[in-house]
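Heads up, the thing below is written out as structure tokens.
This is a predicted model, so every value here is computed, not measured.
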Amino acid sequence: MDSVKQKIENLRNELNRHNYNYYVLNSPTVSDFEFDQKLKELERLEHEYPDFDDPLSPTHRVGSDLSVKGFEQFYHERRMLSLGNTYTVKEVDEFVTRCKEALPGEDVAIVGELKFDGTSISLHYEDGRLVRAVTRGDGEKGDVVTDNVKTIRSIPLQLQGSGWPKRFEIRGEIVLPWKAFERLNEERAFNEEPLFANPRNAASGTLKLQNSAEVARRGLDAYLYYMLGDDLPFDNHFDNMLAARSWGFKVSDAMTLLHSIDDVDWFISHWDTARRELPVATDGLVFKVNDMRQQLNLGFTAKSPRWAIAYKFQAERALTRLRFVSFEVGRSGIITPVANLEPVLLSGTIVKRASLHNEDIIRTLDIHEGDMLYVEKGGEIIPKITGVEMADRQPDAEPVRFCRDCPSCGTPLVRAEGEASWICPNKYGCVPQITGRVEHFVGRRMMNIDGIGEETVTDLFETGLIKNAADLYELTAADLSMLPGFGERSAERILQGLEESKSVTFDRVVYALSIPFVGETVAKKLARATGSIDRLMAMSAEELTQIEDIGPRIAASIVEYFADERNLAIVERLRGYGLQMSMPESDSTMRSDRLAGKSIVISGTFSRHSRDEYKDLIEQNGGKNVGSISKKTDYVLAGENMGPAKLEKANKLGIPIIDEDTFLKMIE
């Protein structure tokens, strides 16, 4: 058994080293195949000898698809403060001068670093092993997200080398690299989900997911930039971070020791340009006094350290020529104008296209053919047109005119009074609308049918194999083999995905139907309120508006959708193929109106159920979840560590505060 244990430990050490080489040094020494074979061997041994399992083993990097029960909160031993911001070189120079004047007669070295645009994290290590990962939260306490952080391969679970303190904390930034961000937004665009505006929002949202397997899939990264503890190896920040790098942490190569204001100015000038080539988003630079004793003497204000400051870059802006404006048709018939541009580099990516949203935007910007347009990203990664360089306009340039007929099917467009968008009304004859609805139907958040993407849907439609989503369930292996590049395994994958989709819950079926204005949240509320497709189809607009968050426009859209025989035929076919057309019996038996009309705010952490489970219980019993306390709030469901601001406001307004036991008794 000792030899088996030693083999397992050797494999873990080897895989940790390969992870470090690949994700931190970006210099892999083995092929992906070789790495996977060693990982599979370790998985086999850990399965065969479960007594030797270790929660920090490389095999646990993939995360779990089991939802965690909310996030435990942890009070930071040292507050996580924010930095003061500067926006000019002069302000940074003044910061350096202040530090020197406050430390008369001393040499003051400054460390320059990149300011990564992600979400802050605090990592705690004991005996060289990761024991806890905590978000910044409100600066005093944050959420424990250790399981999710363990999936980030650039964060060491077990330190390498030697010389680390027995117990210490290291802080840094969780980021989503540009490539991973673009891939994630492409998936969301395909599923017609709201796009993340920037990698920072995406990183923050990903880190707080309840499913660590999904966190692992998205490809987060991490850069560490500050070490805290009572027994650090050096008396200065720069050497401590070099030591951290030797232990396996990803510390940016941009970190530079600066000895004068001229050095600081050079650092700003250099990175103002060089940052555009980085694989991750940055929104500025950070300057810190290097000496830890000097940091202590300089101290803190109420909000930030006096020994560090952030310099924020100006929003990235480029001038490029408009090649032409294209008009694209979405699954709901909305026509979106898109500016097709001469390629230009912005924030590490080549921008060729930018949405102009609607006709009003084109008119407001006064865009003419061939104009030189200002494209901006700033903190938002989705490029936007912010202006026109009038001095470069050609004298005979014509204004860009919005199309009046559908660019796909030629049908005259319509525009509802008070609406900004033009719409093609030919819902059942316009190809992009038809294929768009099928693409939506098979998406991950809807029916989740593996193997069918945009190109496959187009091929299926063009070969005459499908005309709507219901036709998918008539497909055979022989049909699929007709598609270009399709083999036996590809066909099996799709057929299996179609079969598995028959167990997808009713609320997702409602979302998949592409009822105008019915998004994921509305579909869930409709499914829970009605219980079945038959009840939903039979309801009047007046009855529908009695459901929480269902306004007149959504209600009218639902009634119109089910009044069309073509939609009814698709629903009946889907029912016949075995799709879920009602909520499970267990769900309906648990529903009540005990909280009908009650608005409830949830705050704090709980022991008997997670926050999400309590939100579900409130909705199941007719109540409404609200995010902030107001005079209209009926109760605050409070767990441990309730936010002090919410507590103060609830007491001031006289809102009843109830605990878990009281709430559970209320709903029996």
Side-chain angles (χ1 to χ4, degrees), residues 1-66 68 121 123-133 144-170 172 174-175 177 179-180 206-207 209 211-224 233 242-251:
M1 292 291 280
D2 285 345
S3 63
V4 173
K5 183 179 181 182
Q6 188 61 49
K7 186 174 183 180
I8 288 175
E9 288 180 354
N10 289 342
L11 274 170
R12 284 175 183 157
N13 289 335
E14 186 179 359
L15 288 166
N16 281 331
R17 188 170 67 254
H18 289 317
N19 264 328
Y20 173 73
N21 291 338
Y22 187 93
Y23 291 100
V24 179
L25 299 183
N26 200 25
S27 300
T29 55
V30 295
S31 67
D32 290 349
F33 176 78
E34 221 175 322
F35 181 91
D36 290 341
Q37 293 302 108
K38 291 181 185 294
L39 188 65
K40 286 178 181 176
E41 173 66 5
L42 179 57
E43 285 175 338
R44 185 188 66 77
L45 289 171
E46 288 177 344
H47 180 74
E48 197 171 332
Y49 301 96
D51 290 348
F52 297 147
D53 193 20
D54 185 330
L56 299 188
S57 169
T59 57
H60 296 309
R61 289 275 196 184
V62 296
S64 167
D65 59 2
L66 299 175
V68 297
I121 196 70
L123 306 176
H124 296 250
Y125 285 81
E126 294 179 10
D127 297 317
R129 289 167 61 87
L130 176 69
V131 295
R132 190 183 302 107
V144 177
V145 290
T146 314
D147 287 341
N148 285 349
V149 163
K150 282 163 59 177
T151 70
I152 303 173
R153 295 176 185 269
S154 54
I155 291 179
L157 308 181
Q158 170 71 57
L159 301 185
Q160 61 185 27
S162 61
W164 57 76
K166 180 175 177 61
R167 183 173 179 272
F168 71 96
E169 174 187 357
I170 189 165
I174 304 293
V175 297
K179 286 184 179 178
T206 298
L207 194 61
L209 289 174
N211 181 335
S212 59
E214 175 64 14
V215 178
R217 190 187 71 81
R218 289 192 179 181
L220 293 174
D221 200 353
Y223 288 85
L224 286 303
L242 291 182
R245 183 184 289 164
S246 73
W247 302 335
F249 291 106
K250 193 168 190 175
V251 177

Listed by chain and number, what are the side chain to side chain donor-acceptor pair (under 3.5 Å) partners of Lys7, not counting sequence neighbours?
-> Glu41

Shortest non-hydrogen contact from Ile152 to Leu220?
-> CG2-O, 3.5 Å

Please round to the nearest 0.5 Å and tell me the distance separating atom CG of Leu45 and atom CG of Leu42.
-> 6.5 Å

Report the residues that fulfil side chain to side chain contact (heavy atoms under 4.5 Å, CB included) with Arg132, sequence neighbours left out, ordered by chain and then residue number.
-> Phe74, His124, Val134, Val144, Thr146

What are the two closest heavy atoms between Ile174 and Ala222, and how far apart are they?
-> CD1-CB, 3.9 Å

Val145 and Leu207: which non-hydrogen atoms are nearest, and at how many Å?
-> CG1-O, 3.8 Å

What's the shortest heavy-atom distance between Ala244 and Val251, and which atoms?
-> CB-CG2, 4.4 Å

Quick one: side chain to side chain donor-acceptor pair (under 3.5 Å) partners of Asn13, sequence neighbours excluded?
-> none

What distance separates Thr206 OG1 from Arg218 CZ, expressed to the nearest 0.5 Å?
-> 4.0 Å

Contacts of type side chain to side chain contact (heavy atoms under 4.5 Å, CB included), residue Gln160, not counting sequence neighbours = Tyr20

Are side-chain heavy atoms of Leu130 and Leu159 found at a separation under 4.5 Å?
-> no

Is there a donor-acceptor pair closer than 3.5 Å between any side-chain N or O of Asp221 and the backbone N or O of Ser154?
-> no

Going by the salt bridge (charged side-chain N to carboxylate O under 4.0 Å, His left out) test, which pairs reach into residues 157-166, not counting sequence neighbours?
-> Asp127-Lys166

Just jot down the ring-ring contact (aromatic ring centres under 6.0 Å, His included) partners of Tyr125, sequence neighbours excluded, or say none.
-> Phe168, Phe249

Set of residues satisfying salt bridge (Lys or Arg N to Asp or Glu O under 4.0 Å) with respect to Glu126, sequence neighbours excluded = Arg167

Those residues at least two apart in sequence (or on a different chain) that pass side chain to side chain donor-acceptor pair (under 3.5 Å) with Gln158 are none

Considering residues at least two apart in sequence or located in another chain, which fulfil the side chain to side chain contact (heavy atoms under 4.5 Å, CB included) criterion with Pro233?
-> Pro165, Met227, Asn240, Ala243, Trp247

